[in-house]
Amino acid sequence: MKKLLIVLAGPTCVGKTDVSISIAGHFGCEIISADSRQFYREMKTGTAVPSEGQLAEIKHHFIRFISINQYYSASLFEHDVLKILPGLFRKKNLALMTGGSGLYMNAVCSGIDDIPDVDPVIRAKYLKKNKEEGIAGLRIALKMLDPEHYDRVDLKNPKRIIRALEICESTGRPYSSFLTKQKQERDFRILKIGLEMPREELYERINARVDTMIENGLESEAHDLFVSRHLNALNSVGYREFFDYFEGKITRDKAVELIKRNTRRYAKRQMTWWARDREIKWFGADEIAGIISYIEMNL
RNA sequence: GGGGAGAUACCAAAGCGGUCAACUGGGGCAGACUGUAAAUCUGCUGGCGAAUGCCUUCGUAGGUUCGAAUCCUGCUCUCCCCA
């Protein structure tokens, strides 16, 4: 029986946590969380981390293990996961990775190109350039430094152009020269499972969960983190809207409404991301038995 | 009872004789995406069609006009002011 990594994907609120606990409980394996916001120890209520009970029942990795002040990325996640996987496979021939961050999960499954880290000073420089000259200025610079990438990137997306520019400058090489986009071979098999749910039902669950988060003190958690609002980790649904409320930009009701809407949109983006992955076998969120037998068939 | 304002696509709201299937915003839908991705960005949004296009819309019924969401009249409803 070869080592197997089960990957459980699905939009936020579809019920991944419950299903993952069931699967892990059934097979006696541990869970790798691939959720870019549940990584942060300062955030809790707004990220829907598994409950204390669930965490006690099944060993989870990568839940609230870094600070919002730390830099982290899909590439670091790939390395961190690959580092602990051998240990998990020694205990059990399978492990379960679940979460909502598609890019991070892809990095683990297929690899992500190694690109040197960038000096924050360089990034700051291009952020400033974007502010002063607009995206047109960024485009001109990119056309000079990396014409190949210029032809391929989304020229309307400043974030993408800035990323390319900062790599060009800090390495002295075109950003595109780092992109091999080659799928990495892993020494374990991967079985991808997706959870789906009718759109309307998912949206109702999202709306209800946001209300629950607020009852559970999301506002005061956001309030405590207000001083750190400029950090990327806090550019997150559920927090950014409350920050706008604290700053008097919107009413509290509006903030709550926006949290719901933005969560819905986030869920849609997740579904779009996974829709193109033909390896995923889709199940309804309540088809636990079907999922377990699907896994057993593929052991 | 008298006077005034208004009824526009899912919602809000422009348009006030032709270039209007109708600005814009919201909501929704679809998509892109190799670095803090719960982020960032794009397209579509009356119906049918791959498309030139065709068909049905601007409260309702008529009228004026070559031509109306835009002008006129009746009706229905909403809002405001005076009694």
Side-chain angles (χ1 to χ4, degrees), chain A residues 10-13 16 33-40 42-43 45-49 66-80 99-118 120 122-123 127 130 135 138-139 149 152-167 170-171 175-184 199-200 203 206-207 209-210 213 218 222 228 230-243 250 254 257-277:
Chain A
T12 187
C13 223
K16 292 188 297 294
S33 169
D35 191 302
S36 74
R37 288 304 183 275
Q38 294 183 0
F39 292 164
Y40 299 103
E42 292 88 345
M43 296 157 81
T45 313
T47 59
V49 286
I66 51 173
S67 162
I68 53 174
N69 294 294
Q70 272 174 271
Y71 169 79
Y72 204 66
S73 70
S75 176
L76 289 171
F77 182 68
E78 175 197 8
H79 290 293
D80 287 345
S101 306
L103 179 66
Y104 284 64
M105 292 162 87
N106 272 13
V108 172
C109 295
S110 309
I112 188 167
D113 290 314
D114 271 322
I115 299 174
D117 286 338
V118 176
I122 294 179
R123 170 166 291 191
L127 284 171
N130 181 220
I135 199 153
L138 296 177
R139 285 181 193 157
H149 198 245
R152 275 191 297 221
V153 269
D154 177 356
L155 289 171
K156 290 182 175 169
N157 192 332
K159 216 161 171 169
R160 296 269 147 66
I161 304 181
I162 289 171
R163 158 104 278 235
L165 285 173
E166 65 191 17
I167 295 299
S170 76
T171 65
Y175 173 67
S176 54
S177 70
F178 290 97
L179 301 179
T180 69
K181 300 209 172 199
Q182 278 195 339
K183 192 170 187 231
Q184 297 295 308
R199 185 72 54 95
E200 206 178 317
Y203 283 5
I206 286 172
N207 294 159
R209 189 175 72 180
V210 170
M213 283 176 173
L218 178 59
S228 306
H230 59 282
L231 294 174
N232 185 82
L234 290 173
N235 184 192
S236 302
V237 177
Y239 296 86
R240 61 202 315 207
E241 295 85 357
F242 265 121
F243 296 155
I250 55 176
K254 184 70 181 171
E257 188 188 318
L258 287 175
I259 291 172
K260 291 175 180 174
R261 184 199 70 182
N262 292 337
T263 305
R264 278 181 251 131
R265 289 180 173 176
Y266 168 50
K268 170 59 179 84
R269 269 179 273 129
Q270 291 175 302
M271 292 187 267
T272 299
W273 176 277
W274 284 306
R276 63 181 168 180
D277 189 338

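Chain letters run A, B, ... following the sequence lines, proteins first, then strands; residues in each count from 1. Since this is a predicted model, take the numbers as computed values, not measurements.
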TODO: Pick the P atom in rC72(B) and in rG6(B), then give their distance to the nearest Å.
DONE: 11 Å
Between rA39(B) and rA32(B), how many Å separate the two C1' atoms, rounded to a whole number? 14 Å
Judged by nearest nucleotide, the residue sitting upstream toward the 5' end of RNA chain B, Arg265(A) or Asp154(A), is Arg265(A)
(Q) Testing the 3.5 Å rule here: is there a donor-acceptor pair between the side chains of Thr12(A) and Gln270(A)? (A) no
- prompt: Across the strands shown, which category fits Arg199(A) at heavy-atom distances under 4.0 angstrom: base, sugar-phosphate, nothing?
  reply: sugar-phosphate
Query raised in the report: Which part of the nucleic acid, if any, lies within contact of Phe77(A), taking any heavy atom under 4.0 Å across all strands shown: a base, the sugar-phosphate backbone alone, or nothing?
Result: nothing
Ranking rA32(B), rA38(B), rU34(B) by distance to the side chain of Val237(A), first place goes to rA38(B)
How is Gly100(A) classified with respect to the nucleic acid when contacts are heavy atoms under 4.0 Å: base, sugar-phosphate, or nothing?
-> sugar-phosphate
Residue pair Ala48(A)/Tyr203(A) against RNA chain B: nearer the 5' end by closest nucleotide is Tyr203(A)
Contact class for Asp114(A) vs. all strands (heavy atom < 4.0 Å): base, sugar-phosphate, or nothing? base
Would you say a side-chain N or O of Arg276(A) is under 4.0 Å from OP1 or OP2 of rC33(B)? yes
* Asked: Is the shortest side-chain N/O distance from Tyr239(A) to OP1 or OP2 of rA39(B) below 4.0 Å?
  -> no
**Asked** Can you tell me how far P in rU40(B) sits from the matching atom in rC71(B), rounded to whole Å?
**Response** 44 Å
Exercise. For Thr12(A), answer base if it contacts any base atom (sugar-phosphate contacts may also be present), sugar-phosphate if it contacts only those atoms, and nothing otherwise; contact means non-hydrogen atoms under 4.0 Å.
Key: nothing
Out of rA38(B), rG31(B), rU40(B), minimum distance to the side chain of Lys268(A) belongs to rG31(B)
If you measure from the P atom in rG26(B) to the same atom in rU42(B), how many Å do you get, rounded? 13 Å
Closest to the side chain of Lys159(A), out of rU34(B), rU40(B), rA38(B), is rU40(B)
Notebook entry, point to check: Is Arg269(A) touching bases, backbone alone, or none of the nucleic acid, heavy atoms closer than 4.0 Å?
Noted result: base
- Message: Test your reading of the model: is there a side-chain donor-acceptor pair from Ser73(A) to the backbone of Leu76(A), 3.5 Å cut-off?
- Response: yes
Quick note, Asn235(A) side chain, CB onward, closest among rA39(B), rA38(B), rU34(B) is rA39(B)
The ring-ring contact (aromatic ring centres under 6.0 Å, His included) partners of Phe39(A) (sequence neighbours excluded) come to Phe65(A), Tyr72(A), Phe77(A), Tyr104(A)
With heavy atoms under 4.0 Å as the rule, sort Gln270(A) into base, sugar-phosphate or nothing.
nothing
Q: Pick base, sugar-phosphate or nothing for Asp113(A), based on heavy-atom distances below 4.0 Å to the nucleic acid.
A: base
Winner on side-chain proximity to Lys156(A), out of rA38(B), rU34(B), rC41(B), is rC41(B)
Does the distance from a Lys or Arg side-chain N to an Asp or Glu carboxylate O, for Glu257(A) and Lys260(A), drop under 4.0 Å?
no
Side chain to side chain contact (heavy atoms under 4.5 Å, CB included) test vs Asp113(A) passes for just one of Lys181(A), Gln184(A), Gln182(A), namely Lys181(A)
Pick the C1' atom in rC23(B) and in rA13(B), then give their distance to the nearest Å.
10 Å
- Does Trp274(A) have Arg276(A) sitting over its ring (NZ/CZ under 6.0 Å from centre, angle to axis within 45°)? no
*asked:* Applying a 4.0 Å non-hydrogen cut-off, can you work out what Asn262(A) is touching in the nucleic acid: base, sugar-phosphate, or nothing?
replied: nothing
| Would one find a side-chain N or O of Ser73(A) under 4.0 angstrom from OP1 or OP2 of rU34(B)? | no
Within less than 4.0 Å of OP1 or OP2 of rA39(B), is there a side-chain N or O belonging to Arg240(A)? yes
Inset, instruction - Answer with yes or no whether Asn157(A) presents, from its side chain, a donor or acceptor under 3.5 Å of a partner atom in the base of rA32(B). - result: no
query = So what does Arg160(A) touch, heavy atoms closer than 4.0 Å: a base, only the sugar-phosphate, or nothing?
reply = base
* To do: Determine whether Leu234(A) and Met43(A) make a side-chain contact, defined as any pair of heavy atoms from C-beta on separated by less than 4.5 Å.
  => yes
**Study point:** Separation of the P atoms in rU24(B) and rG15(B), to the nearest angstrom
**Key:** 14 Å
Value for CG (Leu138(A)) from CG (Asn157(A)), rounded to nearest 0.5 Å, stands at 10.5 Å
* Does the side chain of Ile135(A) reach to within under 4.5 Å of the side chain of Leu155(A), using non-hydrogen atoms? -> no
RNA chain B in dot-bracket form (Watson-Crick or G-U pairs under 3.5 Å, [ ] crossing, | inter-strand) is ((((((((.[[[..)..(.....]]]((((((.......))))))(((....)))...[[[[[..)....]]]]]))))))).
NE2 of His230(A) to CG of Asn235(A), rounded to nearest 0.5 Å, is 12.0 Å
From CH2 of Trp273(A) across to C1' of rA39(B) the rounded distance in Å is 12 Å
rU57(B) versus rG47(B) - spacing of their C1' atoms, nearest Å: 10 Å
- Task: Take atom C1' in rG17(B) and the same atom in rA22(B), then report the distance between them in whole Å.
- Result: 15 Å
